[in-house]
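These notes are about the structure you will find just below.
Residues take their numbers from the sequence shown, with the count starting at 1. What you are looking at is a predicted structure, and each value in this text was computed from that prediction instead of being measured.
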Amino acid sequence: MRIKYVTPALVVAAALMLSGCVDNSTTTETTTGGNTPDVGVNEAAAALLPDDIKDAGVLVIGIDPTYAPNEYKDDAGNPIGWEVDLANAMAATLGLETQYEPSSFDKIIPSVTGGSYDIGFSSFTDNAEREKVVDFVNYYEAGIQWAQAVGGDVDPANACGLTVTVQTGTYEETDELPAKSQECVDAGNEPIDILKFDTQDEATNALALGRADAMSADSPITQYAVSQVEDKIELAGDSFDTAPYGIAVAKDSELPAALQAALQSMIDDGTYKSILDDWGVFSGAVDSITINAATAS
């Protein structure tokens, strides 16, 4: 899949491949970013907002902008991506402005539960373990997809003894790869060497530079990375293990109902589809917005 909006600032750009380095710093400065479609306020959804957020007029969003094309930085350092555009439209539907707080991925949920951020909108896979800590408003379905060096022969279902890069804190790092590695050991084979990085940019860069046999990430991420350096890496098989993405919200909050209503109205009026189509990621679209899909019966 070819994704729109190529930026030379990405780690997968050719210049970074030559240098073998990347600036993975994240700023603590509050930023805005992305595009906001021309949407009106949905009064019914806005009425569901907690009073403190309604009065503030701002939705404070924790984001790890290193996960193109979902969320990353433009050349000026502002967050962009299809999830940023979706968050902007959702906030506008609720009559709110957006305030993005760049963070490392593994610190976003603790900052949501601690009250520093209203939500975490950063490609979180909704699973039962995370639902013990936060609630999720589900808005997308993504699978796992592997990449390999061009000409490789990697089978994600038979990766014993291989070195696989991954971003720390992702589902692939916490669940998928450890489980597969343990299966290898239980069968008397070599474990998977899981090469962890703080950002997805670094994980992609390591594969492109030949430091690993493969990379595992969410399907839109891997597909986008391949589209940027198709002379160095390629897809390794099809995507698998589809799971819901969710916006992380503190437990026992009124906010999920408002977000659910706003996003559902965007599905109904076509705004949601338009944003995903613009970024070439509509294959993971959902028909209805749910809450805590991982455990909901």
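- Note on Phe240: it clusters hydrophobically with Ile194, by side-chain heavy-atom contacts below 4.5 Å among ILVMFWY residues.
- For Tyr272 and Tyr140, the distance between ring centers is not under 6.0 angstrom.
- In this structure a side-chain-to-backbone donor-acceptor pair under 3.5 Å is present from Thr93 to Ala89.
- Hydrophobic clustering of Ile, Leu, Val, Met, Phe, Trp and Tyr side chains at less than 4.5 Å, counting indirect connections, unites Val286 with Met266.
- In this model, a donor atom of one side chain and an acceptor atom of the other lie less than 3.5 Å apart for Trp146 and Glu176.
- For the atom pair CG (Leu255) and CD1 (Ile53), the distance works out to 4.5 Å, reported to the nearest 0.5 Å.
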Test ring-ring contact (aromatic ring centres under 6.0 Å, His included) on Tyr224 and Tyr67 and set out the steps. CA-CA 10 Å; Tyr224 184 83; Tyr67 214 49; over 10 Å; no
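- Here Lys73 contributes atom NZ and Glu71 contributes atom CD; the two are 12.5 Å apart, rounded to the nearest 0.5 Å.
- Of the inter-residue distances, the one linking Glu234 atom CD with Thr222 atom OG1 reads 13.0 Å to the nearest 0.5 angstrom.
- Within the 3.5 Å criterion, the main-chain N or O of Val164 finds no donor-acceptor partner in the side chain of Asp193.
- Crowding of Lys196 atom NZ: a count of heavy atoms from other residues, nucleotides or ligands under 6.0 Å not exceeding 12.
- Side-chain polar atoms of Trp82 and Asn70 form a donor-acceptor pair below 3.5 angstrom.
- In plain terms, the two heavy atoms of Gln145 and Asp238 that are nearest each other are NE2-C, 3.6 Å.
- Put simply, the side chain of Tyr117 does not reach to within 4.5 Å of the side chain of Ile119, judged on heavy atoms.
- Two residues are said to be in side-chain contact when any heavy atoms from C-beta on lie closer than 4.5 Å; Leu86 and Tyr139 meet this criterion.
- Between Asp85 and Trp279, some side-chain heavy-atom pair lies under the 4.5 Å cut-off.
- In terms of hydrophobic clustering, with Ile, Leu, Val, Met, Phe, Trp and Tyr side chains grouped at heavy-atom distances under 4.5 Å, Met215 and Leu195 are assigned to different clusters.
- Minimum interatomic distance between Ala208 and Ile233 (heavy atoms only, all atoms of both residues): CA-CG2, 4.0 Å.
- Remark: side-chain polar atoms of Ser111 are paired, donor with acceptor, to backbone N or O of Lys107 under 3.5 angstrom.
- Side-chain polar atoms of Glu141 and Thr242 form no donor-acceptor pair below 3.5 angstrom.
- The side-chain heavy atoms of Leu259 and Met90, taken from C-beta on, include a pair separated by under 4.5 Å.
- The ring pair (Phe, Tyr, Trp, His ring centres under 6.0 Å) test with Phe105 singles out one residue from Tyr171, Phe124, Phe197, and that residue is Phe124.
- The side-chain heavy atoms of Ile289 and Ile267, taken from C-beta on, include a pair separated by under 4.5 Å.
- Using a 4.5 Å heavy-atom threshold, the side chains of Leu96 and Leu49 count as touching.
- Hydrophobic clustering keeps Ile144 apart from Leu235 (ILVMFWY residues linked when any side-chain heavy atoms are closer than 4.5 Å, directly or through intermediates).
- More than 12 non-hydrogen atoms from other residues, nucleotides or ligands lie less than 6.0 angstrom from CG of Asp55.
- Counting only distance, with no hydrogens or angles, the side chain of Asp218 and the backbone of Pro220 share no donor-acceptor pair below 3.5 Å.
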inquiry  = Using the rule given for side-chain hydrogen bond (donor to acceptor under 3.5 Å, both in side chains), can you reason through Thr66 versus Gln200, listing the C-alpha separation, both sets of side-chain angles and the distance that settles it, and then say yes or no?
reply    = CA-CA 6 Å; Thr66 65; Gln200 182 58 45; over 6 Å; no
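- Summarising the geometry of Pro156 relative to Ala236, their closest heavy-atom pair is CG-O, 3.4 Å, with the distance given to 0.1 Å.
- The environment of CD in Glu190 is sparse: at most 12 heavy-atom neighbours from other residues, nucleotides or ligands sit within 6.0 Å.
- Around CG of Asp252, the count of heavy atoms belonging to other residues, nucleotides or ligands within 6.0 Å does not exceed 12.
- Side-chain atoms of Asp106 and Ser104 include a donor-acceptor pair closer than 3.5 Å.
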Apply the test side-chain hydrogen bond (donor to acceptor under 3.5 Å, both in side chains) to residues Glu173 and Thr170: give CA-CA distance (whole Å), side-chain angles for both, the deciding distance (0.1 Å), then the verdict. CA-CA 5 Å; Glu173 186 264 330; Thr170 61; 5.6 Å; no
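- No side-chain donor-acceptor contact under 3.5 Å links Gln264 and Ser288.
- Shown are Thr98, Asn88, Val84, Asp74; of these, the side chain to side chain contact (heavy atoms under 4.5 Å, CB included) with Pro79 is made only by Val84.
- Annotation: side chain of Pro244 is not in contact with side chain of Asn127 (no heavy-atom distance under 4.5 Å).
- Here the side chain of Glu202 pairs a donor or acceptor atom with the backbone of Thr199 at under 3.5 angstrom.
- Listed here is the closest heavy atom pair of Ser116 and Val60: O-CG1, 3.8 Å.
- At a threshold of 4.5 Å between side-chain heavy atoms, the hydrophobic network of Ile, Leu, Val, Met, Phe, Trp and Tyr places Phe136 and Ile247 in two separate groups.
- At least one side-chain heavy atom of Arg130 sits under 4.5 Å from a side-chain heavy atom of Thr125.
- In this structure, OG1 on Thr165 lies 10.0 Å from CG on Asn205, to the nearest 0.5 angstrom.
- Once rounded to the nearest 0.5 Å, the distance linking OG1 of Thr295 with CD of Glu131 reads 3.5 Å.
- The CG atom of Asp64 sits 13.5 Å away from atom CD of Glu101, with the distance rounded to the nearest 0.5 Å.
- Side-chain contact of Glu172 with Gln167: a donor-acceptor pair under 3.5 Å is absent, judged by distance alone.
- Nearest heavy atoms, Ala293 versus Asp126: N-OD2, 3.0 Å.
- For the pair Ser219 and Ser239, the tightest heavy-atom approach, listed with the atom from each and the gap, is CB-CB, 4.0 Å.
- Of the candidates Val112, Val249, Leu59, Ile61, Leu59 is the only one forming a side chain to side chain contact (heavy atoms under 4.5 Å, CB included) with Asp118.
- With no hydrogens or angles considered, a side-chain donor-acceptor pair links Glu83 and Ser123 at under 3.5 Å.
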